[in-house]
Participant: 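One structure, as structure tokens, below. Some questions next.
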Amino acid sequence: MDEIYDPAAVERAAQEYWERHRTFEVREDAGRQKFYCLSMLPYPSGRLHMGHVRNYTIGDVLARFMRMQGRNVLQPMGWDAFGLPAENAAISNGVPPARWTRQNIEYMRAQLKSLGFGIDWSRELATCDPSYYRWNQWLFLRMLEKGIAYRRTGVVNWDPVDQTVLANEQVIEGRGWRTGALVEKREIPMYYLHITRYADELLGDLEKLPGWPERVKVMQANWIGRSEGCEIAFPYAPDTREAMSADGALKVFTTRADTLFGATFLAIAAEHPIALAAAAGNPRLAAFIDECRRGSVMEADAATQQKKGLHTGLHVLHPFTAEPIGIWVANYVLMGYGEGAVMGVPAHDERDFEFATKNNLRIAPVVRSMTGAYERVQAPWNPAYSEYGLTVDSGEFSGLTFKAAVDAIAAALEKRGLGRKRTQYRLRDWGISRQRYWGCPIPLIHCGRCGEVPVPDEQLPVLLPEDLAPDGSGNPLNKSPAFHQCACPKCGGAARRETDTMDTFVDSSWYYMRYACPDQARAMVDGRVGYWLPVDQYIGGIEHAILHLLYSRFWTKVMRDLGLVRCEEPFTNLLTQGMVLNHIYSCATAEGRRRYFNPADVRAKREDGVEIFEATTSEGETIRVQYGGLGKMSKSDNNGVDPEGLIGRYGADTARLFIMFASPPEQTLEWSDEGVQGASRFIRRLWSAVYEHVRRGPADRVKGAQSTPQRDLRRSAQHALAKVTDDIGRRRNFNTAIAACMELLNAVGRFDDPSPGGRAVRQEALEIITLSLSPIIPHVCHALWQALGHERAPVEEPWPAVDEAALAQDTVEIVVQINGKLRGRVHVAAGVDEAAVREAALADEQVSKFVAGKPVRKVIVVPGKLINIVV
RNA sequence: GCCCGGGUGGCGAAAUCGGUAGACGCAAGGGACUUAAAAUCCCUCGGGGGCAACCCCAUGCCGGUUCGAGUCCGGCCCCGGGCACCA
């Protein structure tokens, strides 16, 4: 063993050992309990950032820990290789996305390997490989057969200048990111997956996931948003009948059918057929509908914009009173939501109240508060107005409670054919069409004679040509006849291949199944998924709490229904990592876009007492930039911190130790490398402690009677081991596990006993630190374990068992409180009864001063810990 | 706007089931070693008062429950994540 710790040499040796022994390559073994430990696969953006290091270190710690616990551990890795950033790179430097992506994968794989993660690289996959995405296509065709995939129109962001569809991310303050043009909404045909068919199961099965964080389950439940309510049809008044040239009714969905008699207006979306019909002879309305069409499709935008509406001049009739009710077009009603129409009850709904007040519409209270929270409904809005109560002024339905009113009204509506009870979900079907090049082609052919024709299975995969490069003016597949010109599989005539590609969430919805059988050329999955699935521990960023995790759950259920897998849920335990945040700096460019600068290139200075920021550009210029607050490390905000600098300077173990010590894994972490010195210093101290110990020759095993300091060190060591075992195994709190090892090393440092008995106790303590930390800093522990005289590597060792006998204590400290305030401490023999604790406490000088003859009213004793005397 | 989190010393944090607030580490200050620096080691380190023993204040803000609240409840402020085409 060298006297000086050389991280590069230590890490090289350990990594070579794992590689030579194929330590992390695993096979199915029916005789051993498996543990599938999975971290979310990265997008190959070019470089790892600290968020990745955090994510993959958590996974690796758990994988190595479970391995030492005797499990057959699978930890795979792959690449979420399709997506927008590759197209953006192509636009700015002309490199085809395929090449850019593959280069990034090469680089990032090397970075991951340098961190020493125990990954079975033989299972690596990239979602842009035809051998992977052909099965997206294959399953899509199965979904089409089952009616789970279907075609209809959907709304997208349209850039009128570039004549192209924009991602939400590319819409900045309502304008196209490249052109600065005002974005419009446009309806185009798209393919959807019928996830709403599974809404009830996706909601109900959350209960089968005790290993998921509560907050994620709450978010998913709210997202699915099951609500029980009524569908109500308002028959057209004569004016609407005329405008629509038909009889009919305007359908709405409401959870508050009890307030039906308080409906004083109906609000419809701008795209609603009645709105379009009314606009025909109404230029003002046509202009308003046009205004609503502008802007992005994002819900956040729709929800924060000023609520505006305009009367169509048309009416419907109240289903019971036949009273005419005006129809308004409102910008807050979304066409893709329910019926694209809502009934306005201003007296009992805050948004309707606001709308009615603004537009001078009648406010008709039809619910009386049962708690007397209000007498009259009047401005300003009072949240009690929307509470349940007793119906009033509701004709034959007056005087009913909420439930009775809804039941009676629904029954009456149903009798007249004007409504019924219905369960509605907030969840919408999953639109998977993307008008983009760098994705998995949707395997369909459009034939003038036969219509939409699926690509036959034997022609899969539909290969994505890899030599194209987008230039910002739309999907290059549209301009590539070699791709889109084809023969109709049915009639053989000339036909056009679908040029839309799939949402990349499709790719990430089942990659964890493919890891079980990455070499299977004849099927999507095979029997090996039966061994490995479900994933025992999934680790990934909290930002994926809803979409990715919900889509994966849906996909698993679809595959189950197709008989491809047996499990109901893909991820048994979920650890949602908190994001690593960093500062965001940007400036506006001449073209009206934003250019982002890495915080490493930004300096703050003061000018006239105001803090300003300057960035150095790649051309070496200095330029003034704006501070945009904190945000997750990402490619688009250019605020990632590459771990390479840290690894180069301190080694991978220090980088791993530092990120794990910084905070508990679920917590958001604001990036700062202050403190990395401490991690490095600790590893060097551990190294020299082992060096100083072993250079005096081999030590005995602990046996026989010990001195008090020896017993104390043994107790500290066993206490640390118990804490690490619980912190990693149950609590998943790595920072406190590391702190326990640091405390133990401090105790070893203070322990000064060169006798054979003392050396044996020190050997035991150093071994416990080495094995305890080996999942976190595996390279250095690999070297130290050998230095401590072991043949096997730590990865092959079983996790040590706690020696309970060594943990026992003879006396305990009891905290004494008077009226809840700390006033003293007493020491008593472990396990004495309450009376003895009370006696010892009252005998204490400090304590008796505070009691001072006052009568003791109450005594509370927490055994082994605390006594509170109330006077 | 809606849904979900978070806020504790100069900084990252700990306090696991309502029971000692600040473990462990960083930074800072002081000292030892050194020709010097680095490294290493030792000491101090939430605020205020006191010669001291000790006492008072303090977990974003306001209020409540409790013998006892960082932890539970109600209201508010700020920060972060998600909002369906970033992944």
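Lettering of chains follows the sequences in order, A, B, ..., and the numbering in each one begins at 1.
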Participant: Applying a 4.0 Å non-hydrogen cut-off, can you work out what A:P42 is touching in the nucleic acid: base, sugar-phosphate, or nothing?
Facilitator: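 Nothing, no nucleic acid heavy atom in range.
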Participant: Write down the protein N/O and nucleotide N/O pairs, taken from nucleotides 9-12 of chain B, whose separation is under 3.5 Å; answer none if there are no such pairs.
Facilitator:
from, atom 1, to, atom 2, distance (Å)
B:G12, O2', A:A662, O, 2.5

Participant: Within residues 216-223 of chain A, which residues have any heavy atom lying less than 4.0 Å from an atom of RNA chain B?
Facilitator: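 Per residue number, the list reads A:V218, A:M219, A:N222, A:W223.
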Participant: Flag this pair as yes if the NZ/CZ of A:R152 is under 6.0 angstrom from the six-membered ring centre of A:Y192 and inside a 45 degree cone about the axis; otherwise no.
Facilitator: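 Checked: cation-pi criterion met.
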Participant: For a quick check of understanding: with a heavy-atom distance under 4.0 Å over all strands, which category does A:R434 fall into, base, sugar-phosphate or nothing?
Facilitator: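 Counting heavy atoms under 4.0 Å across all strands, the contact made by A:R434 includes a base.
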Participant: Using the benzene-type ring in the case of Trp, are the ring centres of A:Y133 and A:F82 under 6.0 Å apart?
Facilitator: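 Judged by ring-centre distance (under 6.0 Å), A:Y133 and A:F82 do meet the cut-off.
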Participant: Are A:N735 and B:A14 close enough that a side-chain N or O sits under 4.0 Å from OP1 or OP2?
Facilitator: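 So the side chain of A:N735 is within the cut-off, an N or O lying under 4.0 Å from OP1 or OP2 of B:A14.
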Participant: Describe the nucleic acid contact of A:V676 in one word from base, sugar-phosphate, nothing, applying a heavy-atom distance below 4.0 Å.
Facilitator: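 No contact.
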Participant: A:I584: which residues meet the side chain to side chain contact (heavy atoms under 4.5 Å, CB included) condition with it, sequence neighbours left out?
Facilitator: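 By the side chain to side chain contact (heavy atoms under 4.5 Å, CB included) rule, A:I584 matches A:Y596, A:D637, A:N639.
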Participant: Spell out protein contact along nucleotides 43-72 of chain B as letters: B when the base is contacted, S when just the sugar-phosphate is, - when no protein heavy atom is under 4.0 Å; keep the 5' to 3' order.
Facilitator: -----------SSSS---------B-----
Participant: Provide the distance between the two C1' atoms, one in B:G74 and one in B:G10, to the nearest whole Å.
Facilitator: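 It works out to 34 Å between them.
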Participant: Between the base of B:U40 and the side chain of A:R685, is there any donor-acceptor pair under 3.5 Å?
Facilitator: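 Such a pair does not exist between side chain and base.
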Participant: For A:R434, run the salt bridge (Lys or Arg N to Asp or Glu O under 4.0 Å) check against A:D507, A:D500, A:D503 and tell me which one passes.
Facilitator: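 In the set A:D507, A:D500, A:D503, the residue that makes a salt bridge (Lys or Arg N to Asp or Glu O under 4.0 Å) with A:R434 is A:D503.
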Participant: Taking any heavy-atom pair under 4.0 Å as a contact, classify A:L866: base, sugar-phosphate, or nothing.
Facilitator: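 Since a base atom lies under 4.0 Å of A:L866, the category is base.
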Participant: With rounding to the closest Å, how many angstrom separate the P atoms on B:U66 and B:A84?
Facilitator: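 Roughly 46 Å separates the two P atoms.
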Participant: Which value, in whole Å, describes the distance between the C1' atoms of nucleotides B:G31 and B:G50?
Facilitator: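 Looking at atom C1' only, B:G31 and B:G50 are 27 Å apart.
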Participant: Measuring only the C1' atom in each nucleotide, how far is B:A58 from B:A69? A whole number of Å is fine.
Facilitator: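 B:A58 and B:A69 have their C1' atoms separated by 14 Å.
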Participant: Holding to salt bridge (charged side-chain N to carboxylate O under 4.0 Å, His left out), I want the full list of residues that pass it with A:E187, two or more places apart in sequence or in another chain.
Facilitator: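 A:E187 satisfies salt bridge (charged side-chain N to carboxylate O under 4.0 Å, His left out) with no residue once adjacent residues are dropped.
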Participant: Does A:R730 make a side-chain N or O approach to OP1 or OP2 of B:U16 shorter than 4.0 Å?
Facilitator: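 False: A:R730 side-chain N/O out of range (4.0 Å or more) of B:U16 OP1/OP2.
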Participant: Do A:R426 and A:E299 meet the salt-bridge criterion of a basic N to acidic O distance under 4.0 Å?
Facilitator: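 Yes, this pair counts.
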Participant: Can you tell me if A:K632 touches the phosphate of B:A87, counting only side-chain N or O atoms and a distance under 4.0 Å to OP1 or OP2?
Facilitator: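 Negative; the distance criterion is not met.
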Participant: Please confirm whether the shortest side-chain N or O distance from A:N168 to OP1 or OP2 of B:A84 is below 4.0 Å.
Facilitator: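 For A:N168, the contact criterion (side-chain N or O under 4.0 Å from OP1 or OP2 of B:A84) is met.
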Participant: Kindly express the pairing pattern of RNA chain B in dot-bracket notation, using | wherever a base pairs with another strand and counting only Watson-Crick or G-U pairs under 3.5 Å.
Facilitator: (((((((..(((......[....))).(((((.......))))).((((....))))..(((((..]....))))))))))))....
Participant: Can you check the distance between B:U44 and B:C76, where both ends of the measurement are the C1' atom (answer in whole Å)?
Facilitator: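 Approximately 40 Å lies between the C1' atom of B:U44 and that of B:C76.
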Participant: With sugar-phosphate meaning primed atoms plus P, OP1 and OP2, does A:S634 contact a base, only sugar-phosphate, or nothing at under 4.0 Å between heavy atoms?
Facilitator: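 A:S634: no heavy atom of the nucleic acid under 4.0 Å.
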Participant: Which sits closer to the 5' end of RNA chain B, A:S636 or A:I546, going by the nucleotide each is nearest to?
Facilitator: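 Its nearest nucleotide lies further toward 5', so the answer is A:I546.
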Participant: So A:H548, base contact, sugar-phosphate only, or nothing? Heavy-atom distance under 4.0 Å.
Facilitator: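 Touches nothing.
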Participant: Below 30° counts as parallel, above 60° as perpendicular, anything between as tilted: where do the rings of A:Y551 and A:W430 land?
Facilitator: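 Rings of A:Y551 and A:W430: parallel, as their planes differ by under 30°.
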Participant: Could you work out the separation of B:C24 and B:C42 based on their P atoms and round it to a whole Å?
Facilitator: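 So the two P atoms sit 13 Å from each other.
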Participant: Could a donor-acceptor pair under 3.5 angstrom be found where the side chain of A:R825 meets the base of B:U20?
Facilitator: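 Donor-acceptor pair under 3.5 Å: yes.
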